[in-house]
Protein chains: 2
Amino acid sequence: MVKQVSKSPPRARGGVPYVTTSPAELDGDTEQRILDAAHTVFMKTGTAGARMQEIAREAGVNSALLHYYFRSKDRLAEAVFHRAAGQLLPAVAGVLASDRPLAEKVRAIVEIELDRLSRTPYLPAYIISELAHHPERITHFISALTGSQPDALGRRLLRVVGGQIDEEVRARRMRPIAPEQFLVNLLSLCIFPFAARPMISAMMGLDDKAFARFIRERREKLPDFFLNALRP
Amino acid sequence: MVKQVSKSPPRARGGVPYVTTSPAELDGDTEQRILDAAHTVFMKTGTAGARMQEIAREAGVNSALLHYYFRSKDRLAEAVFHRAAGQLLPAVAGVLASDRPLAEKVRAIVEIELDRLSRTPYLPAYIISELAHHPERITHFISALTGSQPDALGRRLLRVVGGQIDEEVRARRMRPIAPEQFLVNLLSLCIFPFAARPMISAMMGLDDKAFARFIRERREKLPDFFLNALRP
DNA sequence: GTCTATATGTTGATAGAC
DNA sequence: GTCTATCAACATATAGAC
């Protein structure tokens with residue numbers, strides 16, 4: 001029942017120099033292949049619905065190897081989630097924390113996020129679903145977003161953006177809005193269409209191509225929509 | 001393997017007159033209690049993660065009864081999803097289809113949706129997660145939304161709203177926007193905060209109370225934000 | 001590191017008494 | 001309609017050979 005905590009993972013990846021690509025390394029080493037396979041399967045079925053067997057098949061290895069590298073399904077799930085979480089927002093956080101003008105930030109975020117999500121469209125649904133069923137993974141989500149404590153980053157971003165909003169308001173270039181609402185509005189408009197894609201596509205009768213077109217139009221029009229909302 | 005299709009469900013609910021509340025009916029009849037319990041459990045764990053046993057416990061009955069009423073876990077999941085899907089959007093669809101002025105529709109939808117979701121905050125994550133893992137349930141989602149064919153309702157709404165937008169644009173009261181973008185923007189702003197609640201709460205350090213306050217502020221400010229975005 | 005074989009525990013589902 | 005008892009099918013995880 002109680003497992004020894006440190007049947008240490010086979011090796012820490014990273015600093016091995018001068019390794020002439022070994023046979024296993026040809027298409028990425030095994031651990032990486034497993035992680036990728038797990039990512040694919042978890043994405044499609046959700047962690048609870050996924051079978052270790054299928055992940056092994058997808059990775060082209062035996063299922064015992066998954067346990068050799070990741071010890072348990074739950075830890076594998078954590079690893080995958082952690083990596084996935086690192087793809088949703090850190091670029092956005094970087095832009096927000098910078099000292100560029102607010103309007104420029106909005107344009108940059110819309111572009112960055114819509115481009116990224118176009119490449120990994122299932123990411124939002126996966127993250128949302130995972131967080132709904134495993135609230136304890138919020139920690140992973142945050143730490144994937146940054147190295148700092150849970151809400152330290154959030155607070156910093158709110159302060160920075162809040163400051164910029166105040167400036168704009170004082171200069172009569174913007175109507176007041178709470179920075180929390182500002183951020184949630186922006187993220188909602190970027191992320192939700194992907195999270196709710198099946199719904200949206202079905203309701204409006206969009207096939208894959210039409211959806212892509214819809215997103216391209218969005219990428220172009222959304223920044224103005226958002227910025228107009230804040231004109232005084 | 002092949003199951004006879006029609007070991008018909010025990011009875012069709014609905015038209016039984018003059019039934020002096022039988023003992024079982026006192027706190028809702030059994031089928032209803034099971035459905036409610038399943039709703040709760042599926043919501044929390046997701047369908048794949050849920051256990052029939054736990055649903056039975058939650059309903060206060062034996063797990064064999066679940067199969068008596070719903071035949072299989074999958075059918076129970078369908079029933080729950082169908083009912084849940086009917087809570088997310090039909091009120092919105094009703095407002096959109098009406099002949100009220102566009103601005104009024106926006107205000108009504110924000111209020112209706114935020115009020116409803118405040119009462120059932122896990123609904124969006126559940127629907128999103130379920131649709132991501134079971135694309136085949138889109139049909140249920142749509143038919144729960146209306147009696148009509150898959151995208152018939154969507155098309156009608158787009159036509160109505162599109163017409164109203166055109167009017168407003170011609171009268172120079174609104175800047176042009178595709179009705180698809182209009183609707184997705186509105187729904188994004190209403191629904192996403194609930195779907196991504198754990199993320200948002202963690203990043204901004206909101207407890208339950210602060211989140212509720214956040215939503216109340218949103219209910220008040222969102223309509224103007226949205227309508228301002230479309231000023232010419 | 002990677003495989004085969006297997007232990008161990010759940011889980012959805014059914015049979016049959018009441 | 002509701003319960004008890006039980007089955008058959010998996011799924012996760014480990015042992016141990018190579």
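Keep in mind it's a predicted model, so treat the numbers as computed, not measured. Order of the sequence lines sets the chain letters (A, B, ...), proteins ahead of strands, with each chain counted from 1.
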Grab the [atom1]-[atom2] distance between [X] and [N] for me, whole Å please.
{"X": "B/N62", "N": "D/dT6", "atom1": "CG", "atom2": "P", "answer": "14 Å"}
{"X": "B/Q53", "N": "D/dT4", "atom1": "CD", "atom2": "P", "answer": "11 Å"}
{"X": "B/E54", "N": "C/dT10", "atom1": "CD", "atom2": "P", "answer": "15 Å"}
{"X": "A/R75", "N": "D/dA13", "atom1": "CZ", "atom2": "P", "answer": "10 Å"}
{"X": "B/E31", "N": "D/dG1", "atom1": "CD", "atom2": "P", "answer": "9 Å"}
{"X": "B/R33", "N": "D/dG1", "atom1": "CZ", "atom2": "P", "answer": "13 Å"}
{"X": "A/D29", "N": "C/dT2", "atom1": "CG", "atom2": "P", "answer": "9 Å"}
{"X": "B/I55", "N": "C/dT11", "atom1": "CD1", "atom2": "P", "answer": "12 Å"}

Verify the contact: side-chain N or O of [X] to OP1 or OP2 of [N], cut-off strictly under 4.0 Å; return yes or no.
{"X": "B/R71", "N": "C/dA13", "value": "no"}
{"X": "B/R51", "N": "C/dT10", "value": "no"}
{"X": "B/S63", "N": "C/dG12", "value": "no"}
{"X": "B/Y68", "N": "D/dC3", "value": "no"}
{"X": "B/T30", "N": "D/dT2", "value": "yes"}
{"X": "B/H67", "N": "C/dA13", "value": "yes"}

Nearest-nucleotide pick for [X], side chain only, options being [options]:
{"X": "B/K73", "options": "C/dA13, D/dC3, D/dA11", "result": "C/dA13"}
{"X": "B/L65", "options": "C/dT2, D/dC3, C/dT4", "result": "D/dC3"}
{"X": "A/A64", "options": "D/dT2, C/dT4, D/dT4", "result": "C/dT4"}
{"X": "B/M52", "options": "C/dA13, D/dA15, D/dT2", "result": "C/dA13"}

Q: Please find out if less than 6.0 Å separates the ring center of A/F182 from that of A/F226.
A: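 Judged by ring-centre distance (under 6.0 Å), A/F182 and A/F226 do meet the cut-off.
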Q.
A/L66 vs A/K73, test: side chain to side chain contact (heavy atoms under 4.5 Å, CB included). Steps then yes/no.
A. CA-CA 8 Å; A/L66 308 199; A/K73 182 185 178 182; over 6 Å; no
Q: Might you confirm whether atom CD of A/Q53 has over 12 heavy atoms from other residues, nucleotides or ligands at distances under 6.0 Å?
A: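 Not buried by this count: 12 neighbours or fewer within 6.0 Å.
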Q) What do you reckon, is OH of A/Y122 surrounded by more than 12 foreign heavy atoms closer than 6.0 Å? A)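 No, OH of A/Y122 has 12 or fewer neighbouring heavy atoms, counting only those of other groups under 6.0 Å.
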Q | Salt bridge flag under 4.0 Å for residues A/D74 and A/R137 | A |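 Looking at A/D74 and A/R137, the cut-off is met.
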Q: Please work out if A/A48 contacts a base, only the sugar-phosphate, or nothing of the nucleic acid, heavy-atom cut-off 4.0 Å.
A: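 Touches nothing.
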